[in-house]
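Contents: one structure, followed by commentary.
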Amino acid sequence: MSQGAHDVRPTTEAMASLLEGLDDADRETIELRLERWCDDLVAALTVLYPDRDVSALTLRLVERAVAAHRVRSPELRRLDQRRLLRPDWLQQPGMFGYACYTDRFAGDLEGLRGRIDYLRDLGVTYLHLMPLLQPREGDNDGGYAVQDYRTVRADLGDVDDLVRLASDLRGQGISLVLDLVLNHVAREHEWAERARAGESRYRDYFHVFPDRVMPDAYERTLPEVFPDFAPGNFTWDDDLGGWVWTTFNEWQWDVNWANPDVLVEYADIVLYLANLGVEVLRLDAIAFTWKRLGTNCQNQAEVHAVTQALRTVARIACPALAFKAEAIVGPRDLVQYLGQGEHAGRVSDLAYHNSLMVQVWSMLATASTGLTKQALSSLPTTPPSGTWICYVRCHDDIGWAIDDGDAAAAGLDGHAHRRFLSNWYAGEHPGSWAHGLVFQHNPATGDKRISGTAASLTGLAHAHALGDTTGTGLGLARLFLAHAIIAGWGGIPVVWSGDELGMPNDPRWAQEPGHEDDNRWAHRERLDWGLAARRDDLGTVPGKVFRGLRHLASVRAGLPPLHASGLTRVLWETDDGVLAVVRTHPSGSMLCVYNVTSSWQTLEVRHFAEAGITRPFDVLGGYPVFGGVDGVASLSPYAAWWVIDAPSQVPHASRLPLD
């Protein structure tokens with residue numbers, strides 16, 4: 001920390017006054033946490049507000065942290081201690097995630113409590129519930145236009161229901177994850193209401209301009225997120241008498257993080273949600289939070305200082321809470337959200353590996369690994385404390401975040417390849433087996449994103465519906481391969497609800513009010529509990545898919561090389577149809593081998609010895625790996641191998657459910 005940051009740290013006397021009334025144990029706890037994290041807080045505030053009284057602002061935030069600690073339940077305080085004793089809890093190979101909308105999964109929070117056994121059956125230890133805090137009525141961007149951060153949607157239950165659910169999940173070893181929208185609030189939020197009523201304090205919570213001079217200046221370098229139904233980044237509001245910044249929709253007002261009062265408000269919200277039992281907060285739209293003229297207003301340096309400030313406040317009050325950055329940004333910008341340079345170990349604990357997701361779909365469409373080897377090898381190393389969220393798809397559309405430099409190095413034109421992928425997964429390219437939907441096509445830029453469930457994008461759903469057994473088998477193999485790649489990368493693999501049963505796109509997605517213009521609802525379908533009841537029937541597609549993903553979760557939980565702190569290295573010296581990834585960890589090495597084609601492929605067995613594996617054994621299939629007389633092993637179409645040194649006693653391993 002710089003000397004300047006020390007100069008603005010609050011005095012010992014001022015800090016001591018905040019601790020009055022605490023018993024000796026609590027006082028010691030807070031004093032130790034302040035000793036550890038207060039300098040990080042001061043450093044972040046100095047970056048964000050160099051012209052403000054940083055000492056006074058630090059005291060405001062510490063005061064809120066101490067107040068939150070005072071009312072934190074004994075159960076959650078015990079969780080704090082447990083997490084501090086195992087700071088790598090999110091990096092354990094036993095972490096396996098699931099994401100869903102509460103209502104579309106189980107009706108409401110009480111109904112979800114009754115489905116915890118289903119999640120445990122799949123092997124889930126990390127549950128992300130999509131936005132459930134009170135949104136505005138009508139269009140609300142799937143819940144991301146929040147009207148009240150301290151109230152649960154009435155149709156889902158109330159705050160007490162959420163507390164009971166969090167406690168029940170925790171009792172079953174499942175961590176609850178909720179969204180915290182940081183970039184904007186609904187136009188109907190209290191802050192916006194009071195701004196429209198003429199309160200200058202709350203007007204300063206937003207970016208408001210009296211005319212088009214500054215909005216037009218910003219627009220010269222700003223992209224449009226939803227060009228089809230929300231063009232432009234500013235909206236005129238009669239009540240405000242000004243143009244308000246609205247990156248996503250006219251009823252989502254961007255908040256002004258350059259105002260320290262906004263930071264204090266969100267710190268309060270973070271502490272409130274943590275005390276309900278939330279263990280991970282997904283920081284939605286974090287990349288957009290800081291605005292700077294002449295830029296695209298994404299990934300500004302201050303974004304990471306904002307995260308650091310919020311994280312240090314949480315560490316003081318509730319260190320069990322972790323942060324996940326929702327930063328769907330270019331590959332080169334991605335690792336910064338896990339902490340680099342001065343922010344190393346001080347920002348988010350998790351970040352979405354968007355690049356890996358895109359490369360999985362690219363490999364399946366092209367039956368080639370050249371671009372993937374280039375793209376994944378060129379990513380900076382993650383910091384030891386940071387962990388990836390790995391996923392085949394999520395609630396959102398798929399945008400083809402492929403770096404033009406990576407594409408050129410692999411002999412491809414980036415623009416042409418992105419266009420190819422869009423056409424392939426829309427089912428518009430000759431030979432495509434995919435059945436996705438085009439989302440937000442922008443002819444001016446060529447941007448053409450894709451919606452669809454994993455089963456529809458891999459061709460499984462359509463082939464099965466037609467009774468095409470060969471197509472169904474290949475679709476099953478592609479779907480399992482995709483999940484095996486993300487589960488074998490390290491970090492936390494997360495399955496989107498319905499994909500564990502091979503559910504297709506919802507054909508009735510547009511019939512629900514408010515969904516007509518947003519085909520992402522096709523892959524946010526309601527879980528079919530009739531299919532779920534057949535999850536142990538290997539004569540059915542749902543049974544094969546569920547058992548396959550459960551197998552991945554079970555096997556990976558016992559593989560120390562999949563601890564997220566292990567190093568990942570992509571091998572270049574393999575055939576173009578084969579992706580081979582070495583995982584190194586002090587406990588031993590692991591070589592993940594994937595055939596991304598529908599044809600047989602080969603792999604030289606020397607790669608196992610070079611990775612330190614002398615008796616190669618595929619723990620996914622339950623068999624030793626042998627090379628022929630020519631030293632080459634054969635991989636069946638869409639094969640997925642996780643190869644380790646054979647243990648002295650290999651437990652019986654049943655064949656994969658997809659065989």
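Note: hydrogens, waters and symmetry copies are ignored here, and every other heavy atom, side chains too, is used. Predicted, not measured: the structure shown is a model, and the values here were computed from it.
- Residues L371 and I402 meet the side-chain proximity criterion, which asks for heavy atoms closer than 4.5 Å.
- A donor-acceptor pair is defined here as one N or O able to donate and one able to accept, closer than 3.5 Å; no such pair exists between the side chain of H395 and the backbone of R524.
- Checked against a 6.0 Å centroid threshold, the rings of W245 and Y218 count as neighbours.
- Listed here is the closest heavy atom pair of L283 and S348: CD1-OG, 4.0 Å.
- For the pair R478 and W433, the cation sits on the ring face: its NZ or CZ lies under 6.0 Å from the ring centre, inside 45° of the axis.
- Without hydrogens or angle criteria, D468 side chain to G471 main chain gives a donor-acceptor distance under 3.5 Å.
- The OG atom of S598 sits 10.5 Å away from atom CG of L364, with the distance rounded to the nearest 0.5 Å.
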Next on the checklist: Is there a side-chain hydrogen bond (donor to acceptor under 3.5 Å, both in side chains) between Y98 and S497? Walk through the geometry before answering.
Outcome noted: CA-CA 7 Å; Y98 190 86; S497 181; 2.9 Å; yes
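- Q340 is listed as a side-chain neighbour of V335, based on a closest heavy-atom distance under 4.5 Å.
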Item to check | Verdict with supporting geometry, V545 and L476, side-chain contact (heavy atoms from CB on, under 4.5 Å) | outcome: CA-CA 7 Å; V545 176; L476 281 167; 3.5 Å; yes
Item to check | Intermediate values then yes/no, side-chain hydrogen bond (donor to acceptor under 3.5 Å, both in side chains), T453 and S456 | outcome: CA-CA 5 Å; T453 68; S456 289; 3.3 Å; yes
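- Enclosure of atom NE2 in H607 by more than 12 non-hydrogen atoms of other residues, nucleotides or ligands within 6.0 angstrom is indicated.
- Ring to ring, Y101 and W521 are close: their centroids are under 6.0 angstrom apart.
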Item to check | Worked check of salt bridge (Lys or Arg N to Asp or Glu O under 4.0 Å) between E428 and K448 | outcome: CA-CA 12 Å; E428 298 171 358; K448 187 177 179 181; 3.0 Å; yes
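- In this structure, F248 has its ring center no closer than 6.0 Å to that of Y144.
- With hydrogens and angles left out, the side-chain atoms of H128 and D179 include a donor and acceptor closer than 3.5 Å.
- D413 places no side-chain N or O within 3.5 Å of a backbone atom of H417 that could act as its donor or acceptor partner.
- When only modelled atom types and interatomic distance are considered, W489 and T568 share no side-chain donor-acceptor pair under 3.5 Å.
- Considering V358, L379, I486, I389 in turn, L379 is the only one that fulfils the side chain to side chain contact (heavy atoms under 4.5 Å, CB included) rule with H353.
- Listed for the R393 side chain is no donor-acceptor partner under 3.5 Å among the backbone atoms of V495.
- With hydrogens and angles left out, the side-chain atoms of E219 and N233 include a donor and acceptor closer than 3.5 Å.
- In this structure a side-chain-to-backbone donor-acceptor pair under 3.5 Å is missing from R346 to G339.
- H563 and D88 share a donor-acceptor pair across their side chains, judged by distance under 3.5 Å alone.
- Although no hydrogens or angles enter the test, the distance criterion places no donor-acceptor pair under 3.5 Å between the side chain of R583 and the main chain of P560.
- Remark: side-chain polar atoms of S589 are not paired, donor with acceptor, to backbone N or O of P561 under 3.5 angstrom.
- Salt-bridge formation is detected for the pair D349/R311: a Lys NZ or Arg NE/NH1/NH2 atom is positioned less than 4.0 Å from an Asp or Glu carboxylate oxygen.
- The closest donor-acceptor contact from the side chain of T289 to the backbone of I286 lies under 3.5 Å.
- Put simply, the side chain of C100 reaches to within 4.5 Å of the side chain of L127, judged on heavy atoms.
- With S378 contributing its side chain and A375 its backbone, the two residues share a donor-acceptor pair below 3.5 Å.
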Checklist entry - Can you check side-chain hydrogen bond (donor to acceptor under 3.5 Å, both in side chains) on W400 and S422, steps first, answer last? => result CA-CA 8 Å; W400 304 111; S422 294; 3.0 Å; yes
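- Defined by atom type and a distance below 3.5 Å, a donor-acceptor pair is missing between the side-chain atoms of T221 and N296.
- Applying the 6.0 Å contact sphere to CZ of R569 captures no more than 12 heavy atoms from other residues, nucleotides or ligands.
- In this structure, OG on S565 lies 12.5 Å from CG on L90, to the nearest 0.5 angstrom.
- Salt-bridge check for R418 with D404: passed, with a basic side-chain N closer than 4.0 Å to an acidic carboxylate O.
- Using a 4.0 Å cut-off between a side-chain N of Lys or Arg and a carboxylate O of Asp or Glu, D141 and R520 qualify as a salt bridge.
- Considering only residues two or more places apart in sequence or on other chains, E610 meets the side chain to side chain donor-acceptor pair (under 3.5 Å) condition with R606.
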Next on the checklist: For S451 and D397: C-alpha separation, side-chain torsions, deciding distance, then whether side-chain hydrogen bond (donor to acceptor under 3.5 Å, both in side chains) applies.
Outcome noted: CA-CA 5 Å; S451 299; D397 57 280; 6.0 Å; no
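- Of the charged side-chain nitrogens involved, none lies within less than 4.0 Å of a carboxylate oxygen, so that E302 and K291 do not count as a salt-bridged pair.
- Looking at D618, its side chain does come within 3.5 Å of a backbone N or O of W642 through a donor-acceptor pair.
- Summarising the geometry of G431 relative to W424, their closest heavy-atom pair is O-CH2, 3.5 Å, with the distance given to 0.1 Å.
- With rounding to the nearest 0.5 Å, the separation of CZ in F439 from CD1 in I398 is 12.0 Å.
- R419 and H415 share a side-chain donor-acceptor pair at under 3.5 Å.
- Looking at W600 and S636, their side chains come closer than 4.5 Å, going by heavy atoms from C-beta outward.
- Of the options E604, Q601, K373, a side-chain hydrogen bond (donor to acceptor under 3.5 Å, both in side chains) to T574 is made by K373 and by none of the others.
- When all heavy atoms of T295 and R292 are compared, the pair lying nearest together is OG1-O, 2.7 Å.
- Inspection of the Y352 and R282 side chains reveals an N or O donor paired with an N or O acceptor under 3.5 Å.
- Side chains of D254 and T247: a donor-acceptor N/O pair is present below 3.5 angstrom, by distance only.
- Between W361 and Y425, the gap from one ring centroid to the other is short of 6.0 Å.
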